[in-house]
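To find a chain, count down the sequence lines: A is the first, B the second, and so on, and within it residues start at 1. Below, each value reflects all heavy atoms present in this structure, side chains not excepted, and no hydrogens, waters or symmetry copies.
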Protein chains: 2
Amino acid sequence: MTYDKHRYEPFAVAVDLAVFTVREGVLEVVLVERGEEPHRGRLALPGGFLRPRESAAEAARRELAEETGVAGGFRLDEVGAYSEPDRDPRMRVVSLAHTALVPHLPEPRAGTDAARALRLPYAEAGPLAFDHDRILADAHRHVGALLETTPAATAFCPPAFTLGELRRVYEAVWGTALDPANFRRKVLGTPGFTVPAPGPARLTGGRGKPAALYRAGPATRLHPPLTHPEGPRS
Amino acid sequence: MTYDKHRYEPFAVAVDLAVFTVREGVLEVVLVERGEEPHRGRLALPGGFLRPRESAAEAARRELAEETGVAGGFRLDEVGAYSEPDRDPRMRVVSLAHTALVPHLPEPRAGTDAARALRLPYAEAGPLAFDHDRILADAHRHVGALLETTPAATAFCPPAFTLGELRRVYEAVWGTALDPANFRRKVLGTPGFTVPAPGPARLTGGRGKPAALYRAGPATRLHPPLTHPEGPRS
DNA sequence: TCAAAAGTGTTCCTGGTACACCCATGA
DNA sequence: TCATGGGTGTACCAGGAACACTTTTGA
């Protein structure tokens, strides 16, 4: 239980961010090109070190704003800690991985740190620096589980959204097609998940019957959960 | 992304352990009495700092052996990271909380560090040092969720166990009574959860029909999950 | 012979899946 | 008028909950 703070090489604590968005029915993730060694020029998850008086959540929000231009209005969840001794060759770094779910990214402004950020479809997020491939895979699994038990899917949508938009979020993250009729009943039958939004109906893609608008409801957990077909099956 | 390792006060990284066991149908947790300031004499979760070349899991297993005498043969799961700046008054400490599920604790030997360890029913685990009340509550919730989707309950049982013993684990962790008949069918109907163990039947408590023995099966996830009554209801 | 726990059978009912069908809009 | 997506209805079926009942032991 004793600890001499100068006896050991210091640890650094970092946050790594898997920033997800859904565009045109495709799950995308934000990556940055590394500007320095190690792994210069390779793609990595955005992230950075905790400052002396920051919690992990605060550091995550700050780094997200700095590196990708996303400022507030997103959902942040903890994925896990990565603490293997040699995961960063420079020094001992313990990373706290988070997911950030954002409705839509403003295009990064040139000249800022955010200019190095790019969006890629999750399926094409190639080999990444450090152990970020593993972190990204864990984060994706984590988001899939969040959609089952929490209203996290609404974090991908604008403030008012149609049930079709919400369904496409689930389909993009889970990679499976869902029955629109059954999805509708499940969502509306889950108390607090969505509430009807006032205002006129909206045309989703131009064609088809205009859809009613909903907003995110007060629930933080989904009862019953929205299980995806693959779950009980595999 | 740059970081000068000597520019800031160093961080310390620790593991905190919520060590659970089920005795006589009661969920118990292992606590230690702090031998030094801060919070000298108060109860706390066992834990300690990561050594320079240890991962969190390695540190957790080492600390568990040192502080409670539990050596190997237990299940370890990650709960989350606690990173608020002032959670430890001595210095900046980021704690990685874990749960350890053990079938039965050997009585701690006097004269070792483990002598300060004690078991308490979870419900009576009073106010703890630091933010350990919150960590313990999170850990308990985490174990409850693990029982639904993983075979974690077998970690509380000896190598060969009866379905009645397994059911009492669920009842102790969830705090609810379960129908023995339905529980039995659910467990046996979940592939890979349990496999019949050779050998004679065992008397659980002396009275009643002798029960068949089972061992933990090869599954790491439960399909379908064992949902508890409170889940979909509340 | 009684209590207690294991184990089996059965009924009821909820909730999920699949799919047919109608509605409202743009092209 | 056709294609497209929103929205409703419904039949089927698996799985969970509740509970009666038999079996096998110790006291």
Side-chain angles (χ1 to χ4, degrees), chain A residues 22 24-25 147-149 157 160-172 174 176-191 193-197 199-214 222-234, chain B residues 24-25 147-149 157 160-172 174 176-191 193-194 196-197 199-214 222-234:
Chain A
V22 175
E24 320 274 326
L147 293 201
E148 295 195 347
T149 56
C157 297
F161 51 86
T162 69
L163 294 185
E165 288 169 344
L166 191 65
R167 178 171 47 82
R168 275 181 283 278
V169 168
Y170 277 87
E171 293 177 331
W174 287 348
T176 53
L178 299 176
D179 184 303
N182 296 332
F183 179 82
R184 172 189 190 76
R185 266 186 295 259
K186 264 196 205 176
V187 170
L188 296 184
T190 302
F193 190 2
T194 62
V195 293
R202 185 169 53 179
L203 297 315
T204 311
R207 272 200 279 287
K209 177 176 173 177
L213 289 177
Y214 294 85
L222 262 30
H223 293 300
L226 264 92
T227 56
H228 67 222
E230 253 52 47
R233 195 119 328 189
S234 70
Chain B
E24 319 273 325
L147 293 200
E148 294 195 349
T149 56
C157 297
F161 51 86
T162 69
L163 294 185
E165 289 170 343
L166 192 65
R167 177 170 48 82
R168 274 181 282 278
V169 167
Y170 277 88
E171 293 177 332
W174 287 347
T176 53
L178 299 175
D179 183 302
N182 295 331
F183 179 81
R184 171 188 192 78
R185 267 186 295 260
K186 264 196 205 176
V187 169
L188 297 183
T190 302
F193 190 2
T194 63
R202 184 169 52 179
L203 297 315
T204 311
R207 272 201 279 287
K209 178 175 173 177
L213 290 176
Y214 294 85
L222 262 30
H223 292 300
L226 263 92
T227 56
H228 68 223
E230 253 52 47
R233 195 119 331 189
S234 71

Worksheet, complete the sentence: In whole angstroms, the gap separating P of C/dA5 from CD of B/E171 amounts to 11 Å
Worksheet entry | Heavy-atom donor-acceptor pair, A/T162 side chain to A/E165 backbone, under 3.5 Å | yes
Discussion item. OP1 or OP2 of D/dG6 versus the side-chain N and O atoms of A/R167: is any pair under 4.0 Å?
Written reply: yes
Fill in: Nearest-angstrom distance from the residue atom CZ of B/F183 to P of C/dG7
12 Å
Discussion item. Under 4.0 Å, counting only non-hydrogen atoms across every strand here, what does A/A212 touch: a base, just sugar-phosphate, or nothing?
Written reply: sugar-phosphate
Response to the item:
Sorted by position of nearest nucleotide on DNA chain C, 5' first, the leading residue of B/D179 and A/A181 is B/D179
Worksheet entry | Any A/V195 side-chain heavy atom under 4.5 Å of A/Y214 side chain | no
Item to complete: Kindly point out which of D/dG7, C/dT8, D/dA18 is positioned nearest to the side chain of A/R184?
Response: D/dG7
Item to complete: Check the distance between C/dA6's P and B/K209's NZ and give it to me in whole angstrom.
Response: 10 Å
Item to complete: Round to a whole Å and report the spacing from CD of A/E148 to C1' of C/dG16.
Response: 14 Å
Discussion item. Using the side-chain heavy atoms of B/A211, tell me which of these nucleotides is nearest: D/dA17, C/dA18, C/dG7.
Written reply: C/dG7
Worksheet item: What is the distance from CG of B/N182 to P of C/dT8, rounded to the nearest Å?
Response: 13 Å
Worksheet item: In whole angstrom, what separates A/H228's NE2 from C/dT17's P?
Response: 11 Å
Worksheet item: Hey, does the side chain of B/Y170 reach the backbone of B/L178 with a donor-acceptor pair shorter than 3.5 angstrom?
Response: no
Discussion item. Just the rounded figure in Å: distance from C1' of D/dG6 to CG of A/L178.
Written reply: 16 Å
Discussion item. Tell me if a side-chain donor or acceptor on A/E171 pairs with a main-chain N or O of A/G25 at a distance below 3.5 Å.
Written reply: no
Item to complete: Among C/dA6, D/dA17, C/dG16, find the nucleotide with the atom closest to the side chain of B/K186.
Response: D/dA17
Worksheet item: Of all the choices, D/dA18, D/dA17, D/dG9, which nucleotide is nearest to the side chain of B/R185 once you look at every atom?
Response: D/dA18
Worksheet item: Between D/dG26, D/dG16, C/dA6, which nucleotide has the shortest distance from any of its atoms to the side chain of B/R168?
Response: C/dA6
Practice prompt. Starting at atom CZ of A/R207, determine the distance to atom C1' of C/dC23, rounded to an integer number of angstrom.
Written response: 17 Å
Discussion item. Determine whether A/F161 and A/R168 satisfy the following criterion, side chain to side chain contact (heavy atoms under 4.5 Å, CB included), listing intermediate values before the conclusion.
Written reply: CA-CA 11 Å; A/F161 51 86; A/R168 275 181 283 278; over 6 Å; no
